[in-house]
Chemist: 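Got a structure for you, written out below as structure tokens; questions coming shortly.
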Amino acid sequence: MDAPLRAWFAEQSLWTERNIEPVWQETRKEFEGELTLVLFGPAKAAGAKPELLATMLESFWPSLTLENGSPLIRSARLAGGFLNLGLSYAYWRQRWSMGYTLSTAPVHGHPDSESLPKRSKIVLEYSSPNTNKPLHLGHVRNNLLGDSMYRILKSLGHEVVRVQVINDRGIHICKSMLAWQKFGEGLQPKDVNAKGDHFVGHYYVLYEKAFQAQVEEAIAAGVTREEAEATAPILQEARTMLLQWELGNEAVVNLWKMMNSWVYEGFDITYERLGIGFDRNYYESQTYVLGKNLVEHGLAQGVFRKDEKGAVWADLQDIGLDSKILLRSDGTSVYMTQDLGTADQRQKDWGFDRMIYTVADEQNYHFKVLFAILDKLGFAWANRCHHLSYGMVDLPSGRMKSREGKVVDADDLMDVVQGLAEAKMGDSEKLQAMALDERQELALQIGLSALKFYILKVDPSKRMTFNPEDSIDMQGHTGPFVQYAHARIASMLARVVDLEPVEPSKVGLNPWSLDLHRAWLPAELELVRQFSQFAPALNLAAEKYNPAHVADYAYSLATAFNRFYHDCPVLQESNAETRSFRIGLCQQTRLLLRDSLDLLGIKAPQRM
RNA sequence: GGUCCCGUAGCUCAAUGGAUAGAGCAACUGCCUUCUAAGCAGUAGGUUACUGGUUCGACCCCAGUCGGGAUCACCA
């Protein structure tokens, strides 16, 4: 809702004398009006019936005017305790003219600019893959959330630094290295025409197979499973390799570098195709040594304690959490230790106001503890760290399990959605004349749109089920539905120049000159009303770290347009005034659809 | 076991404490000689897991019960 209007209502003595904040909501579709004042609370506080308040308010309506003196309120009807207000067409024209788009925002701000959070510098972490296997569906949700939040926060004027931590070291990396050494026969990805990350992932699987075989063999020889798993020779070899890596053994380090470089080449391709990018990579091989000095510092300050074995602990019982170990008795660090160090490092690197970690909700407790310890260490920015926690992605058959090969590979997924979009395009005569590369690019845009929208329309905090069949759907509540509305407008507007050599000012840039000498049709009013919802949706998405609000908005706007398109002729409208008005509506709709899609990382093709 | 999260139409998801709980998919009915039918209009589908409580009003807040998940390592 319009902030000045809200402010005006809130200031009325009717409320202020009784210390009441009026409750507003969007008017439900089945009632006349766009804005609803809920009178139950105020009525109760005032000891009066809603009817009486509505009557009292009636005297205020005439005093409510726009800058040019025309009235603000078009209609006011009480239904139960709900006062439904219809706003004047002049108001909606003005509101429309302030219509916020990404391209105009930095210059003009937008109508609800008071509610804009202060612009700040934000470090946003997402993706954070391991270098022993390719990206899968879980990474995809992470990437899409991170990328969309980046776009959303950036559009509100924040400076956002996109970072990922690459988990490039550790026992799991050594496992694939070892397997390649044993079974790889010196082959490289290019020798077998493989994508680097898949190539390395293949050896990780081979390791697991060899490991299981050894375990079964040991069990057959009479050893317990537990012991067999702990003592498998190949695991010993992997551990030895990790030690050698840590000691800087040249052969091992060279192998490590070579295989990681293959993986990065593969990741680059996947990210590129998915439309995801980063401003800075942090490598665990460099950050895993960080944090020890922080712990020493905390120990000196008396924030941490050392036990009799020499291990260092953070006591968090005072804030309802457990104790957390930070340094083992042998002086080595744990995961938490490096996360502390990395956070501190990033503050030094960027001087951020806020830091956001896009990490699955299985680590909720970890981040609670991390932020609590940063706070104990006295970092003022500790309470400006946020864990953008998202739920796991399940398959219809249940949880994804990489060990059982029950994973959806990111590259395969993109192949499938692109292929389906292309097949669908084949049905359309208007798209058959396209050049092949153009076709494939469009198919990718549409396929990715289906995938991205399917994932982003769900509240991040909720666990979601990924149904492959639904995810490639292109009808109904989907990305292609929104894209289609955009493409329809684009193809229509492309003809405007030929059909109607109108002044730019007549087609929406200056709506004050577009006074229609008639009441608006419902579809016209609904469309303009949707224009005013863009900024609130964007703000809500940023505030709640939830791109689903933008996805919802894009769908609502597209729906409103489709009805308008069905009900109202545009180019074929004979009345010149109405035609210009509607062309203006189309232009504004197209911009908002394009920008909403962009915030979700989805392309808006000109035709489809 | 302690802590935290979740339970809404057959399925996937919505719904600041507000009106008759909404969409899409799947099912069924209409609408292309008309600016792109990847569309529009309609029918059917609900004890919001259950039991209480708070209040003018509860999917939403509180307590309990049942069901599902996560987490609580000198793992990462």
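Keep in mind that the numbers below use all heavy atoms, side chains included, and drop hydrogens, waters and symmetry copies. Throughout, protein chains are lettered first and strands after them, A, B, ... in sequence-line order, and every chain is numbered starting at 1. None of these values were measured; they are calculated from a predicted model.
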Chemist: Applying side-chain hydrogen bond (donor to acceptor under 3.5 Å, both in side chains), name anything that partners Gln164(A), two or more places apart in sequence or on another chain.
Modeler: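 Scan of Gln164(A) (side-chain hydrogen bond (donor to acceptor under 3.5 Å, both in side chains), adjacent residues dropped) gives Tyr271(A), Asn281(A).
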Chemist: Figure out the OH/C1' separation between Tyr390(A) and C13(B), and round it to whole Å.
Modeler: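 Computing the Tyr390(A):OH to C13(B):C1' distance gives 20 Å.
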Chemist: NA contact type, Cys586(A), heavy-atom cut-off 4.0 Å: base, sugar-phosphate, or nothing?
Modeler: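 Cys586(A): no heavy atom of the nucleic acid under 4.0 Å.
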Chemist: Between G18(B) and G57(B), how many Å separate the two P atoms, rounded to a whole number?
Modeler: 14 Å
Chemist: If the P atom of G42(B) is compared with that of U54(B), how far apart are they to the nearest Å?
Modeler: 41 Å
Chemist: Applying ring-ring contact (aromatic ring centres under 6.0 Å, His included), name anything that partners Trp256(A), two or more places apart in sequence or on another chain.
Modeler: Trp245(A)
Chemist: Taking atom P in both G17(B) and C61(B), compute the distance separating them and give it to the nearest angstrom.
Modeler: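 8 Å, rounded to whole Å.
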Chemist: With sequence neighbours left out, write down each residue that passes ring-ring contact (aromatic ring centres under 6.0 Å, His included) with His366(A), or none if nothing qualifies.
Modeler: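 Once residues adjacent in sequence are excluded, the partners of His366(A) under the ring-ring contact (aromatic ring centres under 6.0 Å, His included) criterion are Tyr335(A).
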Chemist: Are a donor atom and an acceptor atom from the side chains of Thr131(A) and Asp168(A) found within less than 3.5 Å of each other?
Modeler: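 Not at all, the side chains of Thr131(A) and Asp168(A) share no donor-acceptor pair under 3.5 Å.
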Chemist: Using a distance-only criterion (donor-acceptor N/O pair, under 3.5 Å, no hydrogens), is the base of A23(B) paired with the side chain of Thr559(A)?
Modeler: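 No such pair is found, so the answer is no.
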Chemist: How does each nucleotide of nucleotides 71-76 of chain B score, in 5' to 3' order, for protein heavy atoms under 4.0 Å: base (B), sugar-phosphate only (S), or none (-)?
Modeler: SS-BSB
Chemist: Side chains of Thr358(A) and Asn142(A): any donor to acceptor distance under 3.5 Å?
Modeler: no
Chemist: Using ring-ring contact (aromatic ring centres under 6.0 Å, His included) as the criterion, list what pairs up with Phe367(A), not counting sequence neighbours.
Modeler: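 Applying ring-ring contact (aromatic ring centres under 6.0 Å, His included) to Phe367(A) gives Tyr357(A), Phe371(A), His387(A).
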Chemist: Considering residues at least two apart in sequence or located in another chain, which fulfil the side chain to side chain contact (heavy atoms under 4.5 Å, CB included) criterion with Ala311(A)?
Modeler: Asp307(A), Trp313(A), Ile325(A), Ser329(A)
Chemist: At a heavy-atom distance below 4.0 Å, what parts of residues 459-469 of chain A sit against RNA chain B?
Modeler: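 Heavy-atom cutoff 4.0 Å gives Asp459(A), Lys462(A), Arg463(A), Met464(A), Thr465(A).
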Chemist: Hey, what are the protein-to-nucleotides 24-30 of chain B N/O distances that come in under 3.5 Å?
Modeler:
residue, atom, partner, partner atom, Å
G24(B), O2', His477(A), N, 3.3

Chemist: Let me know the distance between CZ of Arg563(A) and C1' of A23(B), rounded to the nearest Å.
Modeler: 16 Å
Chemist: His566(A): which residues meet the ring-ring contact (aromatic ring centres under 6.0 Å, His included) condition with it, sequence neighbours left out?
Modeler: none
Chemist: Using atom P in both nucleotides, what's the gap between A58(B) and U65(B) to the nearest angstrom?
Modeler: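 Roughly 24 Å separates the two P atoms.
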Chemist: Can you tell me which nucleotide in A38(B), C35(B), A19(B) comes closest to the side chain of Pro480(A)?
Modeler: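 The answer is A38(B), which lies nearest to the side chain.
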Chemist: Of all the base pairs, Watson-Crick or G-U under 3.5 Å, which form stems of three or more consecutive pairs involving RNA chain B?
Modeler: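 The stems are B:1-7 with B:66-72, B:10-13 with B:22-25, B:27-31 with B:39-43, B:49-53 with B:61-65.
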Chemist: List for me each residue that meets side chain to side chain contact (heavy atoms under 4.5 Å, CB included) alongside Ala228(A), sequence neighbours excluded, and say none if there are none.
Modeler: Val215(A), Ala218(A), Ile219(A), Val223(A)
Chemist: Distance check, C1' atoms only: A27(B) and C11(B), in whole angstrom units.
Modeler: 13 Å
Chemist: Rounding to a whole Å, what distance do you find between Asp394(A):CG and C13(B):P?
Modeler: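 Atom CG in Asp394(A) sits about 9 Å away from atom P in C13(B).
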Chemist: In this structure, how many angstroms lie between the P atom of C35(B) and the NE2 atom of His566(A), rounded?
Modeler: 12 Å
Chemist: Quick one: salt bridge (charged side-chain N to carboxylate O under 4.0 Å, His left out) pairs with a partner in residues 30-42 of chain A, sequence neighbours left out?
Modeler: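 Checked against salt bridge (charged side-chain N to carboxylate O under 4.0 Å, His left out) - neighbours excluded - the pairs reaching residues 30-42 of chain A are Arg28(A)-Glu30(A), Glu32(A)-Arg74(A), Glu32(A)-Arg77(A), Glu34(A)-Arg74(A).
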Chemist: Starting at atom CZ of Phe564(A), determine the distance to atom C1' of C35(B), rounded to an integer number of angstrom.
Modeler: 10 Å
